[in-house]
Amino acid sequence: MRDLSGIVKAYDIRGVVGEQLDEGVVRDFGAAFARLVDGPAVVIGHDMRESSPGLAAAFAEGVNAQGVDVVSIGLASTDMLYFASGKLDLPGAMFTASHNPAKYNGIKLCRAGAAPVGQDTGLAQIRQDAEQGVPDARDMAKGTVSRRDMLSEYADYLRELVDLRGSRPLKVVVDAGNGMGGHTVPEVFQGLPIEVVPMYFELDGSFPNHEANPLDPKNIVDLQERVRQENADAGVAFDGDADRCFVVDERGEPVSPSAITALVAVRELAKDPGGTVIHNLITSHAVPEIVREHGGNPVRTRVGHSFIKEEMARTGAIFGGEHSAHYYFRDFWRADTGMLAALHVLAALGEQDGPLSSLTSAYERYAASGEINSTVDDQQGRLAAIKAEFGGREGVELDELDGLTVNLPDGSWFNLRASNTEPLLRLNIEAADAASVAALRDEVLAIVRG
């Protein structure tokens, strides 16, 4: 029996093509998924990686062998696959490894209506079935494959949710990172009063220009420079599968995902007064403050899209945001879409005359460290050492919703949590100013790194 524990992650399947992930394994994943969802059809999309079309076809074979049909939407961003799942009310599979290097690929799975599939909601069962091998269903006819282009429907739907027709003209630099934004942006922005300056729109899964991960500062340097060169109103960068977006202002300065979360939350609350907004525990404390100030109900969750989507379903939330630049919308089947978040930012900018920096400054209240990773052998031991060091101090509050969050009496806080997939501890700090962040960072890392 094969061991697939190395590639079945908390929220998706991901591994090195040819070593951990091949068409035989993927065919069994397809068969196992068809068994799990037990419906008439599965919708499948794939990104621009060289291995993606072959893997998607192998997955379709496994689905068909269980007597289940396949609707193939071909090249797609991950949020376009979620759109297809919601619109067609079918479970879906997206072939992508997001921002991972070219040698990787993976599968993001959802039930009908873009409902998440994680370890506790089906991935563990899929892994178990695929490890044993899934025999073809002999009591029913083999399923069929049909093709459907949903790009224009996806673009139309997003433009219905955010109306930019009344915006002042804007000039926006968009860095697609050779990922799927190069496929979706031209269609979504068509006809809008926005001049798009394209960067790296050529679909190329070898990522020749930079890694398609805009959260890493080195990957937005080109975008920042181009925004300043072009005297543009804003810059937007997408990750490889274009489900996340990162924004820079007219000066080329990054706008934190927490500020974007707060900005979009305020816009959604204007449409749905009193609504619930989800934020994970690493977003800025400014987010729940601003949500309350605008009459909303902030709800805090663990990190990870499965937790956010489950909490959105439980609470009926209108919107959710994460520090990692994932943004979730009730009106988009509670799924994450970077494109919709980008449209909200540009709509807010186009509705007023000031620059993006002054618009977003209202949502940036504190200084933050960003995520600092430390490689450690004993994650739990280091967490225990931090808990022992800070837990006895007067006025300190500890919270273990996800890792360890330490709230200090001066309003500063930090979260330290173990990675799901690597021997890392991830540290995030927020305080009143940069000097306070630096002092707290040095104190915590001295313990963590010993």
Inset, instruction - Would you confirm whether the ring centroid of Tyr200 sits within less than 6.0 angstrom of the ring centroid of Phe207? - result: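 Centroid distance Phe207-Tyr200: not below 6.0 Å, so no.
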
Legend entry - Phe59 ring center near Phe95 ring center (under 6.0 Å):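 Yes: the rings meet the under 6.0 Å criterion.
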
Inset, instruction - Can you spot which of Asp243, Asp47, Asp12 makes a salt bridge (charged side-chain N to carboxylate O under 4.0 Å, His left out) with Lys108? - result: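 The passing option is Asp243.
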
Legend entry - Distance, nearest 0.5 Å, that separates CE of Met94 from OG of Ser85: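 The CE atom of Met94 sits 13.0 Å away from the OG atom of Ser85.
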
Inset, instruction - With rounding to the nearest 0.5 Å, note down the distance linking CD1 in Ile73 to CE in Met150. - result: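 Between Ile73 CD1 and Met150 CE, I get 7.0 Å after rounding to 0.5 Å.
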
Kindly indicate whether the side chain of [X], heavy atoms from C-beta on, has any atom under 4.5 Å from the side chain of [Y].
X: His279; Y: Arg300; result: yes
X: Ser98; Y: Tyr104; result: no
X: Val299; Y: Val277; result: no

Legend entry - Sole residue of Phe83, Tyr82, Phe329 in ring-ring contact (aromatic ring centres under 6.0 Å, His included) with Tyr157: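 So the option named by the test is Phe83.
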
Legend entry - Distance-only polar pair, side chains of Tyr366 and Glu289, donor-acceptor under 3.5 Å: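 Short answer, yes.
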
Inset, instruction - Compute both the distance and the angle, then confirm whether Arg334 meets the cation-pi test with Tyr328: under 6.0 Å from the six-membered ring centre, within 45 degrees of the axis. - result: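 No, cation not above the ring by the 6.0 Å, 45° rule.
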
Legend entry - Arg244 and Asp336 ion-paired at < 4.0 Å: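 No, no charged N to carboxylate O under 4.0 Å.
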
Inset, instruction - For the pair Asn280 (side chain) and Thr283 (backbone), establish whether a donor and an acceptor sit closer than 3.5 Å, ignoring hydrogens and angles. - result: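 Here the side-chain-to-backbone pair exists.
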
